Structures are given as C-alpha cells and as structure tokens.
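Worth saying up front: this structure is predicted, and the values here are computed from it rather than measured.
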Amino acid sequence: MAGKSRPQFVLFGSSIVQMSYNVGGWGAILADLYARKADVVLRGYAGWNTRMALGILEQVFPQDAAIHPSLVILYFGGNDATNPHPSGLGAHVPLPEFVENMRKIILHIKSLSDKTRIICLTSPPVNEEQVAECYGSGFADQARTNEGCRIYAEALVQLCKELGVEAINLWTAIQQRNNWANDCFMDGIHLSAEGSKVVIQEILKVLKRVDWEPSLYWLSMPAEFPEDSPCYTVGPDGKTTLNVTGHISIWQRQWLDI
C-alpha cells in the first residue's frame, strides 16, 4: 500500500491475464485508462487451470484483508479446455469439474465484500492453424481446439447467469471481428494488441452498462487529488493555470465512444 487508498481492480487468471501487460495488452490499457482512479493489480499465472487457482485462492483473496477489491476480472478456462493427455497429467479439467471450480472461485470472491464486483471472461477462440505453425506437433495430444473452447465458454456464461455475475463471451466477441483468426493472436492462443482491443471494448461496455454503485466506469470515477494548483502549466491568459486532472490523451480517445 502506498499512501491514500484507491479502488483496487484485480485481474486474476492464467496466461491471458499474465500477458495482458504486454505492449498493447488489455491489462496495460486498463491500467492506463484508470490512472489516478484505480490500482489495477495483476495476478496472472501462465499455464494454470481452475484446480491450481483453487489451491491459492485464499492467498490471493484472503477474507481478512484490510482492503478488498472493488472489481475482479476473472479468466480461466482455456487450459481446462485442452484435450486430456493419455498419462492423466496436464491442464485438462473435465467440463463438470471446471464449472464447479469456477462456481467456488466466484462464490469466494463474492463473499469478500458487498462492493466486490466480478466480470468473468470466457475462453477466447483459437486459430488452430497458427498454433500448429508456432508450436508444431508437440502438443497435439493435448490440443486446444476452437470447439473445445466454445463448449467451456458457453458453460461459464450459463454459470454466471445462475450466480448473477457479469460474463463476457470472448469466444463470440473476438470472432465478430473481421479477419479475427489472423489479427487477434500472437501464436493462435494468446492475444495480440488487436485481440486485446476487443477485450477492453467488451469490459468497458459492461462497466458503462451496469448500475453498480459506485460506478466503476472510467469516465464516471473521480480522479485522485483533482484540485487546482498554481504549480500547473500557465494557461494562454498568463494568469491562470491548466488543471490537467481530467485530460484524456490522444490514444485514449478511441475508448470514448463505447
């Protein structure tokens, strides 16, 4: 903790979360939009499935923490959806267990505070040809298929409806983009900057639409220390200063019309 407390947004999940701070990544964009408004905390663990997430859930989200997150953006499922390995090892989690694991994770996070909100991201689609080009046949016996991701994505959406939690079906949203298979991935699985734009757009749509109190939409949240100061840059009149607290940068303007 560094001084005055801001609302905390926690990104919790596997590699789609861990890599979200890459250049152009959706986590990095989120942190930029919420500068001076919320602390965006990255808790991403590449290669993890829901079994592994359950094992450390209390450590990431302790019940007795002094501050609980205002928002948790939760992503697991892509690794769970991989085909089972003949050895019994590997990331695959059968669909019924995946759903129950996600239920336990969601319910634990909901129990932290009445003000802790959750948005679940489903598995995105995959470009199976690009995966083969990048990784060869090394993972053929435990492949991640587009159809498998669809099944797990739809199951998660249904669970979120049951639990009253917001869900974003990335499997559907990404495939609505033209040339999605080539533009939205770095390796057929992990999101490129273009793929991350889809994620951010869908997150902002939810945050703008829902009637949470207080609002967690970036344009509705107050900035920290917004007061005027004689130390700011002097304006054109030569007598007053320009308060840049609410300034929206050129690269942020694309997110105004959501």
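When all heavy atoms are compared, the tightest approach of Val40 to Tyr34 is CG2-CB, 4.5 Å. Closest approach of Gly235 and Leu242 over heavy atoms only: CA-CG, 3.8 Å.
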Hey, mind stepping through Val72 and Leu112 against side-chain contact (heavy atoms from CB on, under 4.5 Å) and telling me if it holds?
CA-CA 11 Å; Val72 176; Leu112 297 177; 5.6 Å; no
Take Phe76 and Phe12 through the test ring-ring contact (aromatic ring centres under 6.0 Å, His included) and record every step on the way to the result.
CA-CA 8 Å; Phe76 286 100; Phe12 181 46; 5.2 Å; yes
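Under 3.5 Å, the side chains of Asn146 and Trp171 contain a donor-acceptor pair of N or O atoms. Side-chain N/O atoms of Asn243 and Asp228 include a donor and acceptor closer than 3.5 Å.
Residue Asn179 places its CG atom among more than 12 non-hydrogen atoms of other residues, nucleotides or ligands, all under 6.0 Å distant. Around the CD atom of Glu97, the shell of radius 6.0 Å holds more than 12 heavy atoms that belong to other residues, nucleotides or ligands. Within a 6.0 Å radius of CG in Asp237, other residues, nucleotides and ligands contribute more than 12 heavy atoms.
At distances below 3.5 Å, at least one donor-acceptor pair connects side-chain atoms of Arg36 with backbone N or O atoms of Glu224. Under a 3.5 Å cut-off, the side chain of His68 and the backbone N or O of Gln63 do form a donor-acceptor pair.
None of Ile119, Leu11, Ile168, Ile16 except one satisfies the side chain to side chain contact (heavy atoms under 4.5 Å, CB included) rule with Tyr75; the exception is Ile16.
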